[in-house]
Amino acid sequence: MALTNETIQEKLTEKFGEQLTEWEVPYGMLTFRAPAEMNLKVLQHLYDAMGFQFMTDLTGVHFPDRKGEELSVVYHLHNLVDNIRLRMKIYVPVEKPDVYTATKLFSTANWMERETYDFFGFNFVGHPNLIRILNVDEMDYFPMRKEYQMEDPTRVDKDDEMFGR
Amino acid sequence: MSRPVQYNTKVKLVEAPEGYSGEGFYSTSFDKVVGMARANSLWPLPFATSCCGIEFMATMGSNYDLGRFGAERMGFTPRQCDMLLVAGTISKKMGPVLRQVYLQMAEPRWVIAIGACASSGGIFDSYSVLQGIDQVIPVDVYVPGCPPRPEGIIDGILKLQDLVKGESLRRRQSDQYKGLMESYGID
């Protein structure tokens, strides 16, 4: 029987019980939250037992107002046999953004995790080469975190006179 | 019987620089002759990264035809070129690459920043974009516009030709020029 959002939720709840929370189906795509330390267990189960063997995306989100769980990693998985996708989210505190790496399971996670580290500063534990991928190597901050002003008044690399400011 | 092929008799030659001439001789200053030769045979090196590059392609095309000004031969190696045309957004990560290209060009070399992005970062007031290429290499002519029309680019090149014509042969050895290079960390 082909998987549907309902059967996926049933099977995952059967396996992991109440540990998976915040079930939603925005725009028809099943979404749930897993505890950060369990991300690999859930991914492995989805890979081995439920056919989610293709990772379409891995990215980060910063919620500055959610104390203790500011940073989120979002995994998008695709079951190519049943042609169904799902989205898994984990949350970690911004002070200690440690996440177990998914590179052992999905090779494609290698560059995606580097990018997510580059922009949000996650520490992917066990990643073989966690260095910046898109930004300059000298950069000492994580630009996609929502902790910067829209325009930095201390910048010196813009000549205000030339821009009418 | 007229010839089957009519020769183009409207070929316009560059006017000779000021000088003294008499029967069998003509004398002028070496600066002016070299300047004239350089200005009318600039070899462009296009460093095109985005939409300004498309406008530059139109400039090189038959409609606008930069060849009319002696710059039709693009060289895609910096070692053969003397006019670097930076057309488009340069990210901070590309800054060292652009600088390397500039360093590989032999003196004398000139740089034109085409468009708002190359000149100042343009609309990309962002963590990832270089706020004007003059932060990494010296620039001779800035062409405004987002993107500039081919006429604008041609105007910029004509302005550069004026610079080249008037440049003293000793300029590149002058202390002022060396100071400029040093301010960019180029020895």
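The chains referred to below are lettered A, B, ... by the order of the sequence lines, with proteins before strands, and numbering in each begins at 1. No experiment lies behind these values; they were computed from the predicted model shown.
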Residue-level contacts of residues 135-142 of chain A with chain B, using a heavy-atom cutoff under 4.5 Å: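 Counting heavy atoms that sit under 4.5 Å from chain B, the residues of residues 135-142 of chain A involved are A/Asn135, A/Val136, A/Met139, A/Tyr141.
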Connected-component partners of B/Met36 among ILVMFWY, side-chain separation under 4.5 Å: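 Once heavy-atom contacts under 4.5 Å are chained together, B/Met36 belongs with B/Val14.
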Connected hydrophobic set around A/Tyr91, excluding itself, where side chains approach under 4.5 Å: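 Its cluster partners, ordered by chain and number, are A/Val61, A/Phe63, A/Val74.
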Pairs where residues 16-67 of chain B contributes a residue and the test ring-ring contact (aromatic ring centres under 6.0 Å, His included) is met, not counting sequence neighbours: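 Every pair satisfying ring-ring contact (aromatic ring centres under 6.0 Å, His included) with a residue in residues 16-67 of chain B: there are none.
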Exceeds 12 heavy-atom contacts within 6.0 angstrom, atom CH2 of A/Trp23: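 Correct, the count exceeds 12.
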CE (A/Met144) with more than 12 external heavy atoms under 6.0 Å: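 Count not over threshold, so no.
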Co-membership, hydrophobic cluster, residues A/Met112 and A/Val73, 4.5 Å side-chain: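 Yes, one cluster joins them.
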